[in-house]
Structures are given as structure tokens and as C-alpha cells.
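Here's the structure, in C-alpha cells; my notes come after.
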Amino acid sequence: MPRRPRLRPAAACAAVAATAALLSGCGGDSSGHASAHAESPGSSSSSSSNSAKDKAGMDGMDETEGMDDKAMGDPSATPADKIADAEITRGAFRLLDTRPPGMDDVKGTAWLAQHKDGTTVTVSLSGLKPGAAYMAHLHAQQCLDDNGGEHFQFKKGGATTPPNEVHLMFKAGTSGKAVTTVNNTRKTGEDAVALVVHPREAMDNRIACADFEF
């Protein structure tokens with residue numbers, strides 16, 4: 001996919017309640033969460049492999065240890081596209097074939113801003129199930145490459161929780177819309193190339209993916 005110029009700025013985490021397995025990833029074994037949609041070529045087996053890697057070493061781990069209550073999203077935080085003096089990129093969400101039933105109307109935008117204080121990521125979505133909980137993660141591959149592949153990590157092979165990964169957790173409002181923002185003290189550079197969203201309870205059912213326009 002051709003690189004596009006980085007957008008320049010105009011003007012950057014909710015209580016942690018997910019289990020360690022939920023924190024660990026998008027994608028994976030689809031037993032119990034089978035998609036009603038046909039999967040794209042290569043997405044099923046490789047997605048299972050990714051999930052297994054994500055979950056490795058997570059058993060018994062308390063993902064809340066050492067985290068503050070904003071580690072995975074703050075709806076009231078300054079959105080990434082409003083951060084002053086930041087380098088901002090955005091991406092529109094595209095639906096994935098692994099999405100669960102009822103998610104055909106999901107759409108939205110993800111923004112990633114890099115600035116003097118690190119990285120800010122904002123997600124804005126509509127068409128979600130009202131009141132349902134969702135998670136999103138920065139990924140190291142583009143959407144057409146294994147539906148985003150594995151999670152982006154600042155230290156590869158390191159912890160599968162923030163702050164080594166960038167996670168967002170949020171609930172849809174009564175209208176099916178959700179917006180939240182998360183901050184990280186480090187810059188991702190151009191290594192975090194996509195954002196993937198999935199239901200909190202179904203890691204394997206990736207709903208949509210947004211490629212960042214670097």
C-alpha cells in the first residue's frame with residue numbers, strides 16, 4: 001500500500017476491568033464465537049496463531065497491576081486530532097470478514113498523534129451494539145495483511161499489556177456510538193500501522209480495521 005503524507009495537526013483511558021486474556025489480543029481461536037461471515041484468504045489459521053502468541057505467558061497475570069485508571073481509555077481526554085503541535089495521521093475503519101453477526105453497519109475513524117509527550121490514539125465508531133463493551137489495539141501490520149496481524153509492541157516480545165502495547169476499552173452508548181482516547185508516553189513512529197476493534201468478550205471476532213495514512 002503506498003505511503004501517504006502525514007497529516008499535520010489542528011490542535012490527546014476508562015477503568016481497567018478486562019481479564020488478562022481479553023487484554024491479550026484481537027484474533028484467535030473462533031470456537032464458541034464463530035463468525036457468520038466467510039473469512040478472507042489466510043485470515044482464519046493465521047489469526048488463530050496470533051491469538052495463541054498473544055495469550056502465551058498471560059495465565060495468572062493481573063493486568064491491572066501497576067496501571068492507573070486511564071491505561072485503556074478516557075472519553076474526556078483531548079482527542080488525538082486536537083493535540084497541538086503534533087504529527088497526526090488518521091484512518092477510516094473497514095469491515096472485516098471475521099466480524100460477528102449484526103456488525104455490518106459499523107464505521108468510524110481512528111486518529112494517531114505523536115507529540116512531545118508521546119502518542120495519543122482516539123477511536124470514534126458508530127453502528128455498535130448499544131451498551132456492549134469493545135476493545136481496540138494498535139497493530140503492526142496493515143488491514144489487508146492478516147487483518148492487522150499481531151499487536152504493535154514498543155518492546156517486541158515484551159509485556160502484552162499497556163504500556164508496552166496500546167489498548168483502548170470502551171462501551172457503546174444507547175445510539176451505538178463510542179469515542180475514547182488513550183495516551184502513551186512513548187512514540188510509535190511508523191511501526192504501528194493499524195487499529196483493530198473487536199467485542200470485549202470475543203477476541204477472535206475482529207470487527208473492523210483502520211490503516212493509518214503515513
Side-chain angles (χ1 to χ4, degrees), residues 3-18 20 22-26 54 61-93 108-125 133-143 148-171 173 177-198 200 208-214:
R3 298 278 186 177
R4 284 182 275 183
R6 196 192 296 265
L7 299 180
R8 294 290 171 176
C13 285
V16 175
L22 292 174
L23 277 171
S24 66
C26 313
D54 286 342
M61 184 176 182
D62 179 3
E63 77 279 7
T64 67
E65 185 176 354
M67 291 191 207
D68 62 29
D69 62 354
K70 303 296 179 63
M72 293 203 299
D74 180 3
S76 65
T78 302
D81 60 320
K82 303 298 183 184
I83 300 294
D85 300 321
E87 294 184 340
I88 302 170
T89 182
R90 59 169 286 171
F93 280 100
T109 305
W111 291 269
L112 185 151
Q114 298 185 70
H115 46 85
K116 63 181 180 64
D117 295 321
T119 299
T120 297
V121 180
T122 296
V123 59
S124 176
L125 289 160
Y134 298 88
M135 294 191 72
H137 306 83
L138 284 182
H139 279 248
Q141 296 168 218
Q142 294 182 328
C143 299
E150 298 182 4
H151 291 181
F152 163 81
Q153 294 187 320
F154 289 98
K155 180 182 178 181
K156 293 183 179 179
T160 57
T161 53
N164 193 47
E165 294 188 1
V166 177
H167 298 189
L168 298 94
M169 186 167 65
F170 50 92
K171 283 188 176 182
K177 295 181 180 180
V179 179
T180 197
T181 295
V182 70
N183 293 293
N184 193 290
T185 58
R186 287 172 285 184
K187 294 183 179 182
T188 62
E190 295 187 4
D191 294 326
V193 297
L195 188 78
V196 175
V197 61
H198 64 79
R200 196 181 72 179
C209 179
D211 285 322
F212 290 117
E213 301 174 351
F214 289 112

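Nothing here was measured: the structure is a model prediction, and the numbers come from that model.
Applying the side chain to side chain donor-acceptor pair (under 3.5 Å) rule to Ser76 yields the partners Asp74; only residues at least two apart in sequence or on another chain are considered. In terms of the side chain to side chain contact (heavy atoms under 4.5 Å, CB included) criterion, residue partners of Lys171 (sequence neighbours excluded) are, by chain and number, Ala133. Ala210 meets the side chain to side chain contact (heavy atoms under 4.5 Å, CB included) test with Phe93, Ala110; sequence neighbours excluded.
Across every non-hydrogen atom of Ala80 and Ala113, the tightest pair is O-CB, 3.4 Å. Taking every heavy atom of both residues into account, Lys187 and His115 meet most closely at CE-O, 2.8 Å. Across all non-hydrogen atoms, the minimal contact from Ala77 to Asn183 is CB-ND2, 4.5 Å. Across all non-hydrogen atoms, the minimal contact from Val121 to Leu168 is O-CD2, 3.8 Å. Scanning all heavy atoms of the two residues, the minimum distance from Thr160 to His167 falls at O-CE1, 3.3 Å. In terms of heavy-atom proximity, Met135 sits nearest to Phe170 at C-CE2, 4.3 Å.
Side chain of Asp211 to main chain of Cys143: a donor-acceptor pair is present (N/O by atom type, distance under 3.5 Å, no hydrogens or angles). A distance-only check finds no donor-acceptor pair linking the side chain of Glu165 to the backbone of Leu138 [under 3.5 Å]. Counting only distance, with no hydrogens or angles, the side chain of Thr89 and the backbone of Phe212 share no donor-acceptor pair below 3.5 Å. With hydrogens and angles ignored, the 3.5 Å screen pairs no side-chain donor or acceptor of His151 with any backbone N or O of His139. Of the possible donor and acceptor atoms, one in the side chain of Thr119 sits under 3.5 Å from a partner among the backbone N and O of Arg186.
Distance check: Ile88 CD1 to Gln114 CD gives 10.5 Å after rounding to the nearest 0.5 Å. Note that CE of Met72 is 9.5 Å distant from OG1 of Thr161, once rounded to the nearest 0.5 Å.
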Pair Val166-Leu112, side-chain contact (heavy atoms from CB on, under 4.5 Å): steps then yes or no: CA-CA 11 Å; Val166 177; Leu112 185 151; over 6 Å; no

Stepwise side-chain contact (heavy atoms from CB on, under 4.5 Å) test for Asn184 and Val182: CA-CA 7 Å; Asn184 193 290; Val182 70; over 6 Å; no

Phe154/Thr188 under side-chain contact (heavy atoms from CB on, under 4.5 Å): CA gap, chis, key distance, verdict: CA-CA 7 Å; Phe154 289 98; Thr188 62; 3.8 Å; yes

